[in-house]
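Take a look at the structure set out below.
Numbering starts at 1 and runs along the sequence shown.
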Amino acid sequence: MNSENIIIAKVRDSTYKLEGSDENIAAFLAKNPLENITLCKPSGEAICSTLGFFIDKCSDYSYVQRLQPIITSYQFNPISIPTVKLAQEQHRSFDSRKI
């Protein structure tokens with residue numbers, strides 16, 4: 001998988017390499033609404049962070065604008081949240097509401 005298609009999600013003391021599609025990142029955030037999450041590029045550069053349900057800080061506003069309608073649809077219809085896909089090098093997927 002190309003590193004441009006990977007987003008790093010940092011939650012507490014855990015780090016996840018996620019497939020970087022907007023739908024996948026929105027699913028990860030929607031499945032963890034009570035966590036404070038930092039999303040980064042593989043280089044370590046922060047893209048955005050959340051405080052619980054809310055996007056707190058972001059360095060790429062257009063990225064957040066793409067995520068917001070997807071996250072909103074998942075919040076109003078939690079049944080529609082897809083399984084979160086981890087980057088291939090992790091060889092598994094994440095489908096838990098708890099980390």
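Contact record, Pro82 with Ala27: O-CB, 3.8 Å, taken as the closest heavy-atom pair.
Note that OG of Ser49 is 4.5 Å distant from CG of Asp56, once rounded to the nearest 0.5 Å. Here Glu23 contributes atom CD and Ile71 contributes atom CD1; the two are 11.0 Å apart, rounded to the nearest 0.5 Å. In this structure, the separation between CD on Glu35 and CG on Leu51 is 12.0 Å, given to the nearest 0.5 Å. Interatomic distance, Leu39 CG to Phe28 CZ, rounded to the nearest 0.5 Å: 8.0 Å. Note that CD1 of Ile37 and CD1 of Ile55 are 10.0 Å apart. Values are rounded to the nearest 0.5 Å. We find the CG-CG distance between Leu18 and Asn5 to be 12.5 Å, quoted to the nearest 0.5 Å.
Using a distance-only test at 3.5 Å, with no hydrogens or angles considered, a donor-acceptor pair links the side chain of Asn36 to the main chain of Gly52. Checked by atom type and distance alone, the side chain of Ser80 never pairs as donor or acceptor with a backbone atom of Tyr74 at under 3.5 Å. Looking only at distances, no side-chain donor or acceptor of Asn24 sits under 3.5 Å from a matching main-chain atom of Gly20.
In this view, Lys41 and Ser43, Glu45, Ile47 satisfy the side-chain contact (heavy atoms from CB on, under 4.5 Å) rule, not counting sequence neighbours. Considering only residues two or more places apart in sequence or on other chains, Phe54 meets the side-chain contact (heavy atoms from CB on, under 4.5 Å) condition with none of them.
Within the structure, the side chain to side chain donor-acceptor pair (under 3.5 Å) test picks out the following pairs touching residues 57-71 (sequence neighbours left out): Asp22-Arg66, Asp60-Ser62.
Side-chain contact check for Lys31 versus Ile81: some heavy-atom pair is nearer than 4.5 Å. Taking the side chain as every heavy atom from C-beta outward, Leu86 and Tyr16 approach each other to under 4.5 Å.
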